[in-house]
Amino acid sequence: METSPVSPMKEKDTCAQPQQREENAQRNLGAATPFRQQSPDPTPETLDLGVKPDPASRTVENPPKIENPVAGFEGDADKCHVSTNAMADRLQASDLWYCPDGSFVKKIIVRGHGLDKPKLGSQCRVLALGFPFGSGMPEGWTELTIGIGRWREKTWGELTEKCLESMCQGEEAEIRLPGCSAPLVKLILDSFTKGRDSWELDAVEKKALAKEEHARGTELFRAGNPQGAARCYGRALRLLLTLPPPGPPEQTILYSNLAACQLLLGQPQLAAQSCDRVLEREPGHLKALYRRGVAQAALGNLEKATADLKKVLAADPQNRAAQEELGRVVIQGKKQDAGLARGLRKMFS
């Protein structure tokens, strides 16, 4: 890895201390909710999961770009001053790029040249400044390869990779979180090698890369990092989904494992959708039925949860996890019915 002297940042983040910024970053990016203590070295396919309701997601809308702003204004000096400042704010907004998934905002400080951007396999020479302590990201000049390496596994690594994929050569940009005006990280993309889009890979290459992501995801899951595991499983699925249908059987396992991660992360709606993908391919997949039952219970869909859990017990009467979950669903249903009855009595009393 090549290093060279680095000039200090022109601006420092004065709105938050590093520890507070890291907390804000985790909160904005949907940090994992606490989950049950598992037995040593669990696997995604053997978990008895507890869940919490899915927190509301936030979206960032792209502000409209200003076309041909007016150069001058009539009126007194104060009004002209205010209007000029407002115009400057609008012009600055044109240098903002909003990540499609809403996870961060990129402010372009210096525009790059050319139209090419890093792709899968591109080796990028990057100057990185301002990462919080413990982020797992390097400071100063470094080389990062898109799609390869453990640097991508943590939250800041994922954001950095997404940002690099949107940059041109020579571009200088800041990564900001939605709702925070202060810059958090500065990146300069000095150069990068030619990469390839996923559609340019042949089937063998896609399966090999997906296998690596799958293995790393399971390793992270066992280490108690469902967020990192979910990212790996998601990347593996995106590669395999570009193959001709019906696709390799590994997709079933990946969706099932992804559902396990999503339950632990407090995302029951997403978990139910992942289980749907499994059950479309294998209607009798017991782990997917169980996990979908858990997800439906967390969403308050007690009838659907009961139906899934009863299917599990019909095929495996000794399934203790399904028995316990069904018991909780029955109790929850009784409380729900009792509350409804009380409400009705008050209405007609």
Can you see which heavy atom on Leu289 is nearest to which on Pro283, and at what distance?
CD1-O, 4.1 Å

Value rounded to 0.5 Å, distance of CD1 in Ile148 from CG in Leu209:
7.0 Å

Under the criterion side chain to side chain contact (heavy atoms under 4.5 Å, CB included), I'd like the reasoning laid out for Phe221 against Cys261: C-alpha separation, chi angles, the key distance, then a yes or no.
CA-CA 8 Å; Phe221 192 98; Cys261 296; 3.4 Å; yes

Working to the nearest 0.5 Å, report the span between NZ of Lys287 and SG of Cys275.
12.0 Å

Is Arg328 salt-bridged to Glu325, going by a charged N under 4.0 Å from an acidic O?
yes

Polar side-chain atom of Ser274 near backbone of Leu270 as donor-acceptor pair, under 3.5 Å:
yes

Could you tell me whether a side-chain N or O of Ser135 sits under 3.5 Å from a main-chain N or O of Phe131, the two making a donor and an acceptor?
no

Just so I know, are the side chains of Lys310 and Leu326 near enough to count as touching, which here means a heavy-atom distance under 4.5 Å?
yes

Any donor-acceptor pair under 3.5 Å linking the side chain of Glu174 with the backbone of Lys106?
no

Establish whether Val278 and Leu243 are linked, either directly or via other cluster members, by ILVMFWY side-chain heavy-atom contacts under 4.5 Å.
yes

Closer than 3.5 angstrom, by distance alone: can the side chain of Gln169 be matched with the main-chain N or O of Gly112 as a donor-acceptor pair?
no

From Ile331 atom CD1 to Leu302 atom CG, the distance as rounded to the nearest 0.5 Å:
12.0 Å

For the OH atom of Tyr255 and the CD atom of Glu282, what is their distance to the nearest 0.5 Å?
14.0 Å

Do His214 and Asn257 touch side chain to side chain, with heavy atoms closer than 4.5 Å?
yes

Hey, does Val126 have a side-chain heavy atom less than 4.5 Å from the side chain of Ile188?
no

So, for Gly130 and Val185, which heavy atoms are closest and what is the spacing to 0.1 Å?
O-CG2, 4.1 Å

Using 30° and 60° as the class boundaries, would you call the ring planes of Trp97 and Phe104 parallel, tilted or perpendicular?
tilted

Distance-only side-chain donor-acceptor flag, Ser191 / Arg125, under 3.5 Å:
no

In sequence, state the C-alpha distance, the side-chain angles, and the governing distance for Gln251 and Leu241, and then conclude on side chain to side chain contact (heavy atoms under 4.5 Å, CB included).
CA-CA 8 Å; Gln251 287 181 211; Leu241 287 173; 3.7 Å; yes

Keeping Glu161 on the side-chain end and Leu144 on the backbone end, is there a donor-acceptor pair under 3.5 Å?
no

Looking at OG1 of Thr242 and CG of Leu201, how far apart are the two atoms once the value is rounded to the nearest 0.5 Å?
8.0 Å

Does a side-chain N-to-carboxylate-O contact under 4.0 Å join Lys117 and Glu165?
no

Contact between Leu127 and Asp190 at the side-chain level, heavy atoms closer than 4.5 Å - yes or no?
no

Pairing of Glu212 and Arg216 as salt bridge, 4.0 angstrom limit:
no

Pairs satisfying side chain to side chain donor-acceptor pair (under 3.5 Å), at least one member in residues 298-308, at least two apart
Arg292-Asp308, Gln296-Asn301

Would a hydrophobic clustering, with Ile, Leu, Val, Met, Phe, Trp and Tyr connected at side-chain separations under 4.5 Å, put Ile109 with Leu129?
no

Test log, rule side chain to side chain contact (heavy atoms under 4.5 Å, CB included), inputs Arg152 and Leu159:
CA-CA 8 Å; Arg152 308 150 58 236; Leu159 290 185; over 6 Å; no

N/O donor-acceptor pair under 3.5 Å between Glu205 side chain and Asp202 backbone:
yes

Shared hydrophobic cluster for Leu220 and Leu239 (ILVMFWY, side-chain gaps under 4.5 Å)
no

Out of curiosity, Thr193 OG1 to Glu143 CD, how far, rounded to the nearest 0.5 Å?
9.0 Å

Taking all non-hydrogen atoms of both residues into account, name the closest pair between Ala230 and Leu265 and its distance.
CB-CD1, 4.3 Å

Kindly indicate, with the supporting measurements, whether the criterion side chain to side chain contact (heavy atoms under 4.5 Å, CB included) is fulfilled by Arg176 and Lys107.
CA-CA 7 Å; Arg176 305 182 179 195; Lys107 180 174 176 59; 3.1 Å; yes

Donor-acceptor contact present, side-chain Ser122 to main-chain Phe192, <3.5 Å:
no

Derivation of the salt bridge (Lys or Arg N to Asp or Glu O under 4.0 Å) call for Arg150 and Glu219:
CA-CA 12 Å; Arg150 296 190 174 186; Glu219 183 181 342; 3.5 Å; yes

Looking at every heavy atom in both Ala315 and Leu286, which two are closest together, and how far apart are they?
CB-CD2, 3.7 Å

Heavy-atom check, side chain of Thr142 versus side chain of Trp151, under 4.5 Å:
no

Could you tell me whether the side chain of His113 and the main chain of Cys168 form a donor-acceptor pair under 3.5 Å?
no

Just wondering, do Leu187 and Glu172 contact through their side chains at under 4.5 Å, heavy atoms?
no

When every non-hydrogen atom of Leu177 is compared with those of Ser103, the smallest separation belongs to CD2-O, 3.9 Å

Do you know which two heavy atoms are closest between Lys154 and Gly134, and how far apart they sit?
NZ-O, 3.8 Å

Do the side chains of Leu164 and Ile146 get nearer than 4.5 Å, heavy atoms only?
yes

Is Leu279 reachable from Leu313 through a run of hydrophobic residues whose side-chain heavy atoms are each under 4.5 Å from the next?
yes

Would you say that Cys99 contacts Val105 through its side chain, given a criterion of any heavy-atom pair below 4.5 Å between the two side chains?
no

Whether Lys162 and Glu158 form a salt bridge (side-chain N of Lys/Arg under 4.0 Å from carboxylate O of Asp/Glu) is what I want to check.
yes

Quick one: do Arg235 and Glu213 make a salt bridge, cutoff under 4.0 Å?
yes

